[in-house]
There are 2 protein chains.
Amino acid sequence: MNASKSEVAYQLLHTRITEGTFTPGYRLVLGTIAAELGCSVVPVREAIRRLEAEGLVSFERNVGATVAAADNALYLHTMQTLAIIEGAATALSAPFVDADQLAAARAINQAMTDLLTDFDPPRFTELNNEFHQVLYRNCPNPHILDLVQRGWNRLALMRSSSFTHIPGRARESVREHGQLLDLIEAQAPAAAIEQSARAHRTNTLNAYLAAANMPASPL
Amino acid sequence: MNASKSEVAYQLLHTRITEGTFTPGYRLVLGTIAAELGCSVVPVREAIRRLEAEGLVSFERNVGATVAAADNALYLHTMQTLAIIEGAATALSAPFVDADQLAAARAINQAMTDLLTDFDPPRFTELNNEFHQVLYRNCPNPHILDLVQRGWNRLALMRSSSFTHIPGRARESVREHGQLLDLIEAQAPAAAIEQSARAHRTNTLNAYLAAANMPASPL
DNA sequence: ATGTATGAAATCGTATACGATCCAGTGTGA
DNA sequence: TCACACTGGATCGTATACGATTTCATACAT
């Protein structure tokens, strides 16, 4: 038994939020959650404050906690941040990506390509996550790794909303994946890899912004 | 009265750590801090977990918390991360920097230049902080702003150690500040500003790494 | 009808208490 | 001497309890 109750509470709430059981706006009441977990409110409170620090939950003193709302601004800021961080993470990770990982990434991207003809958004999103995780997993900087994960969590918050799947973006996306893999395999300069990985995210963001008649991200 | 006790405890510990009263390795005992603050351990515990999430404190279950240790690896990772984040923050902020802010930044940099003849490391560090804060303060992305602040906090942790003030770096630094200001004033492309702001940090990092016979940062 | 006062219910914030866990120092046997 | 079990004290983890704060519905005055 290696998990404190606050850890258990944290994990539970975390998965419920990122998997969409608790949608944005859902009210997290200390007593209710504590009762469900069979523990007291103290560890639940701690778990909620951790989730707040990660941006998954918004918390107001003497009022309570709700799953963070997902609006256009949050999507913009999250994707912008993720583009920057993940670009750096991928570049820093690239020298340590071995042949097996490269092959795995290519296989995932092939699966995504196959999926284009019979499009399945949730599956596509899942494969996309796997693809990118393979590419940044070796990043030797733990801070950056942590921040990428945080960005993904924030992004998961918006999965249920209409923030994903701009028409035509999926096909474009797998092409960009291929280019990125080529750069990594050729051991291109870090700056080139960073630029490619960031642009991939930024393109997705800008496709969304264009559809919403908003100006493109400057970075 | 708008501050909860856990907030008070957080602020107190935060300033003590970043100002160097509690140096790395210092043991934070719940009961002791609670007694000093005249409150119970529950809010102190919450404060410490927040500090842990920010990386200022390392915490071990059933053992306790200590101010995070600062070693070469932490310095490298922190500066690398800060270079990336602050570069982006400065670039995103640049379009919103007005004439007053620009003038203030130039004044600070002039004060830093004057200080070169009669060097005073703590004062130089302080001015340097102010300078950069002016430049990234207008960043419209709250996530990035938050991450920059977090990076600075981590950096503050290492102020007392021998991590700063590589010979000759101060003079180089004020020159780079001037170049960065020129780019912002000329409303250069975001990418150019980002590149300049990042390089400024990376140069400092690499100067340290070179002095420690370590390879330069790849980004 | 609108705005304001009032009260009760819901919920949070933290003090206190106690069991659980870890650690350091001591003693015992090989 | 060394390895290991044991024990006492320090410290953490969380249950419980209760006061503090917010919220919302209701009643009242304008």
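Residue numbers begin at 1 in each chain, while the letters A, B, ... track the order of the sequences.
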Between A/Ala53 and A/Arg150, which heavy-atom pair has the shortest distance, and what is it?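 Scanning both residues, the minimum pair turns out to be O-NH1, 4.0 Å.
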Are A/Asn141 and B/His77 linked by a side-chain donor-acceptor pair shorter than 3.5 Å?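 Looking only at side-chain atoms, B/His77 and A/Asn141 do not form any donor-acceptor pair under 3.5 Å.
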When rounded to the nearest 0.5 angstrom, what distance separates CE in B/Met112 from CZ in B/Phe131?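 One gets 7.5 Å once the value is rounded to the nearest 0.5 Å.
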Inter-residue atom distance B/Ile17.CD1 - B/Arg154.CZ, 0.5 Å rounding: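 Reported value, rounded in 0.5 Å steps: 12.0 Å.
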Rounded interatomic separation in angstrom, taking CD from B/Glu7 and C1' from D/dT21: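 Rounded to whole Å, this separation is 17 Å.
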Can you measure A/Glu46 atom CD to D/dC12 atom P for me and round it to whole angstrom units?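 Distance check: A/Glu46 CD to D/dC12 P gives 13 Å.
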Which protein N or O atoms sit under 3.5 Å from an N or O of nucleotides 6-12 of chain C?
{"residue": "C/dC12", "atom": "OP2", "partner": "A/Leu30", "partner atom": "N", "Å": "3.3"}
{"residue": "C/dC12", "atom": "O3'", "partner": "A/Asn62", "partner atom": "N", "Å": "3.2"}

Would you please name every residue forming a ring pair (Phe, Tyr, Trp, His ring centres under 6.0 Å) with A/His14, sequence neighbours left out?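 Checked A/His14 against ring pair (Phe, Tyr, Trp, His ring centres under 6.0 Å); matches are A/Tyr10.
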Could you pull out all residues at least two apart from A/Phe96 that satisfy ring pair (Phe, Tyr, Trp, His ring centres under 6.0 Å)?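 Once residues adjacent in sequence are excluded, A/Phe96 has no partner under the ring pair (Phe, Tyr, Trp, His ring centres under 6.0 Å) criterion.
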Under a cut-off of 3.5 Å for both distances of each Watson-Crick or G-U pair, what dot-bracket string does DNA chain D give, using [ ] for crossing pairs and | for inter-strand pairs? ||||||||||||||||||||||||||||||
Looking at residues 48-58 of chain B, who's got a heavy atom less than 4.0 Å off DNA chain D?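 Within this stretch, nothing sits under 4.0 Å of the strand.
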For residues 25-40 of chain A, which residue pairs pass the side-chain hydrogen bond (donor to acceptor under 3.5 Å, both in side chains) check, not counting sequence neighbours?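 Of all non-adjacent pairs touching residues 25-40 of chain A, those that pass side-chain hydrogen bond (donor to acceptor under 3.5 Å, both in side chains) are A/Arg16-A/Glu36.
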For A/Asp100, side chain to side chain contact (heavy atoms under 4.5 Å, CB included) partners two or more places apart: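 Applying side chain to side chain contact (heavy atoms under 4.5 Å, CB included) to A/Asp100 gives A/Asp98.
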Counterpart residues, salt bridge (Lys or Arg N to Asp or Glu O under 4.0 Å), relative to B/Glu130 (two or more places apart):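 Applying salt bridge (Lys or Arg N to Asp or Glu O under 4.0 Å) to B/Glu130 gives none.
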Going by the rule side-chain hydrogen bond (donor to acceptor under 3.5 Å, both in side chains), which residues pair with B/Ser217 if we only count those two or more places apart in sequence or in a different chain?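 B/Gln80.
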Residues forming a side-chain hydrogen bond (donor to acceptor under 3.5 Å, both in side chains) with B/Asn206, sequence neighbours excluded: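 Scan of B/Asn206 (side-chain hydrogen bond (donor to acceptor under 3.5 Å, both in side chains), adjacent residues dropped) gives none.
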Report all side-chain donor-acceptor pairs from residues 86-93 of chain A shorter than 3.5 Å, counting only partners two or more places apart or in another chain.
{"residue": "A/Glu86", "atom": "OE1", "partner": "A/Arg201", "partner atom": "NE", "Å": "3.0"}
{"residue": "A/Glu86", "atom": "OE1", "partner": "A/Arg201", "partner atom": "NH2", "Å": "3.4"}
{"residue": "A/Glu86", "atom": "OE2", "partner": "A/Trp152", "partner atom": "NE1", "Å": "3.0"}
{"residue": "A/Glu86", "atom": "OE2", "partner": "A/Arg201", "partner atom": "NH2", "Å": "3.3"}
{"residue": "A/Thr90", "atom": "OG1", "partner": "A/Glu86", "partner atom": "O", "Å": "2.7"}
{"residue": "A/Ser93", "atom": "OG", "partner": "A/Leu135", "partner atom": "O", "Å": "2.9"}
{"residue": "A/Ser93", "atom": "OG", "partner": "A/Asn138", "partner atom": "N", "Å": "3.1"}
{"residue": "A/Ser93", "atom": "OG", "partner": "A/Cys139", "partner atom": "N", "Å": "3.3"}

Collect all protein-nucleotide pairs involving nucleotides 15-18 of chain D in which both atoms are nitrogen or oxygen and the distance is under 3.5 Å.
{"residue": "D/dA15", "atom": "OP1", "partner": "A/Lys5", "partner atom": "NZ", "Å": "3.0"}
{"residue": "D/dA15", "atom": "OP2", "partner": "A/Ser40", "partner atom": "N", "Å": "2.4"}
{"residue": "D/dA15", "atom": "OP2", "partner": "A/Ser40", "partner atom": "OG", "Å": "2.0"}

Give a yes or no answer on whether the side chain of B/Asn203 reaches the backbone of B/Ala199 with a donor-acceptor pair at less than 3.5 Å.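 Flag set: sc B/Asn203 to bb B/Ala199 pair under 3.5 Å.
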